[in-house]
Amino acid sequence: MADLFGGTLEDPFPAYNELREIGDGVHWCEQLQAYLVCRYDDVRLLGSDHRRFSSDVFYDSAPSWHDHTNPAHLQFVDTASRLFMFSDPPTHTRIRSSFRHVFTPSSIAQWEDTIRDVTRELIGRYPRGREFDIMPGFAADVPVAIIASILGVPDEARAKFREWSYGFASTFDPVVQGEMRNTAIAASLELFDYLRGLIDERSKSPKDDLISELIQTETISGDRLEDVELVAQLALLLVAGNETTTTLIGSGLTYLLEHPVVLEEVRADRDMLPVAIEEILRLDPPLHLTLRKALDDTDFGSTKVPAGAMMAPCLAAANRDPRRFDRADSFDIHRSSNKHLAFYNGIHFCVGAPLGRMEVRVVLGYILDNFPNLQLGSTPARRRTTNAVARGWATRPVVL
Ligand code: HEM
């Protein structure tokens, strides 16, 4: 039986390495109420075979978290259950098709300057030469500011937007229960209302922003997203893109600063920065695991997973599987092949991957260009230890 919460959250990798090698690398996990899947080929299979492994898991994982006699909870579930991340074809195909022109490498190029401007503005608030924690006021704020700007959220609403987006993100955290969940749901409902208002405004007078574009985009079924569907997907962009990118900024700084030889190489040859980011994504993916539901009985070696069981493909364990990667625990930016699963694979492959990659490349590139004496702070960084799924940084002290 896998124990993910038993004191391993600060550094879960030794546990992953062990669990991957015990038996068939598939273990029932009481805390997740799911089979944890640790080997690269099995994790990949769960992503690529959506006919056997469903993403329609919202109602399987979330019902016990919500009070079905509470109108606010019901209202929340009505919108949140429409996130296309938690759907299968044909619903998934139809909704995802609205994003087919949005996050392509050529269409995101227009936002590179915005990312640099946001980075300059936010990092400009910190003094040089003094230690500070780069997570709360910078790494956590850059992705929200960028997505707000891309969507077309007016400047004056940005602070509220950030607060709501944290609230919505925490509704996906199983440890957030009771009053904390009520507060998170209240923030999410405010976010939904706000997005509905923006959709109304942009429907009447479109602007040059992503909300206006999505309102007008036809799905491949020839229709347009209903308002409630659009509200859900806009909120999804926030929750899926923010914490993950924040974590990757924290990990990017940490890995580069802890490996001075690599840092020098990246400083000398800026083309190596995206390569280093891919290696950091492999070694330390922002999302450690995700969920699928087995639709048929499936054997993983001698482990029999019954139809209807929840499964948790562990991207972080797969990314260090020695069957797939040589010296899998080493930070090596010269690997000949790095087909990691940090953005997963198959039809749910991260729709925002080009944006996430570009954000982190621009942010780290800006910091390397402008702060030649960048150093780790004297206090060690701390991981967040409350969430087994999204393993972010609680603190990352640095000196600019
Ligand atoms: C480094 C940053 C990021 C990482 C590591 C990441 C990781 C992932 C992963 C692993 C999935 C697959 C989940 C599953 O199938 O269960 C996913 C899906 C998704 N991501 Fe990202 N993500 C990142 C950034 C972003 C950004 C910036 C956005 C948008 C602004 C975004 C939007 C989405 C959406 C909408 C999905 C659902 C796709 C689908 O179900 O078809 N992500 N992401």
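All ligand and atom numbering here is 1-based and tracks the order in the structure.
Ion pairing between D284 and R383 holds under the 4.0 Å rule for side-chain N and carboxylate O. Salt-bridge formation is not detected for the pair R39/D321: no Lys NZ or Arg NE/NH1/NH2 atom is positioned less than 4.0 Å from an Asp or Glu carboxylate oxygen.
Ligand 1 has at least one atom lying under 4.0 Å from a heavy atom of H92. Put simply, part of I347 is less than 4.0 Å from ligand 1, judged by heavy atoms. Under a 4.0 angstrom heavy-atom cut-off, R357 registers as lying outside contact with ligand 1. Residue contact check for ligand 1: L341 places no non-hydrogen atom closer than 4.0 Å to it. Ligand 1 lies less than 4.0 angstrom from a heavy atom belonging to A342.
Screening residues 179-188 for side chain to side chain donor-acceptor pair (under 3.5 Å) gives H66-R181, H73-N182, E179-N182 as the qualifying pairs, with residues at least two apart or on separate chains.
Under 4.0 Å from ligand 1, not a single heavy atom of L291 appears.
Note on ring orientation: taking the six-membered ring where Trp is involved, the planes of Y40 and F325 are perpendicular (angle over 60°, cut-offs 30° and 60°). Classification of the F99-F103 ring pair by plane angle, with boundaries at 30° and 60°, yields parallel. Between W28 and Y35, the ring planes lie perpendicular to each other; the angle is over 60°, past the 30° to 60° tilted range. Between F331 and H259, the ring-plane angle classifies as perpendicular under the 30° and 60° cut-offs.
Taking every heavy atom of L315 and a limit of under 4.0 angstrom, the matching atoms of ligand 1 come to 10 (C). Near R292, the atoms of ligand 1 lying under 4.0 angstrom from a non-hydrogen atom of the residue are 14 (C), 15 (O), 16 (O). Atom numbering of ligand 1 starts at 1 in the shown order; those under 4.0 Å from a heavy atom of T290 are 14 (C), 16 (O). Counting atoms of ligand 1 from 1 in the listed order, those under 4.0 Å from a heavy atom of L248 are 1 (C). Close approach to L236 involves these atoms of ligand 1, each under 4.0 Å from a residue heavy atom: 35 (C). Residue-ligand proximity, I147 to ligand 1, at heavy-atom distances under 4.0 Å covers atoms 30 (C). Atoms of ligand 1 found under 4.0 Å from any heavy atom of P286 (numbered from 1 in listed order, with element): 5 (C).
Panel note: side chain S251, backbone T247; a donor-acceptor pair is recorded below 3.5 Å.
Of the N and O atoms on the side chains of T217 and R224, not one donor lies less than 3.5 Å from an acceptor on the other residue.
Atom 12 (C) of ligand 1 has H348 O, 3.6 Å as its closest protein atom, hydrogens excluded (heavy atom only).
There is a path of hydrophobic side-chain contacts, each under 4.5 Å, that joins L256 to V275.
Considering CZ of F53 and CG of D42, their distance stands at 8.5 Å, rounded to 0.5 Å.
The heavy-atom pair separating R82 from A232 by the smallest distance is CB-CB, 4.0 Å.
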*Given salt bridge (charged side-chain N to carboxylate O under 4.0 Å, His left out), test R44 with D41 step by step and report yes or no.*
CA-CA 5 Å; R44 226 185 120 73; D41 286 347; over 6 Å; no
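Across M85, E243, R96, heavy-atom proximity to atom 37 (C) of ligand 1 is greatest for M85.
Around atom 21 (Fe) of ligand 1, protein atoms of type N, O or S found under 2.8 Å number 1.
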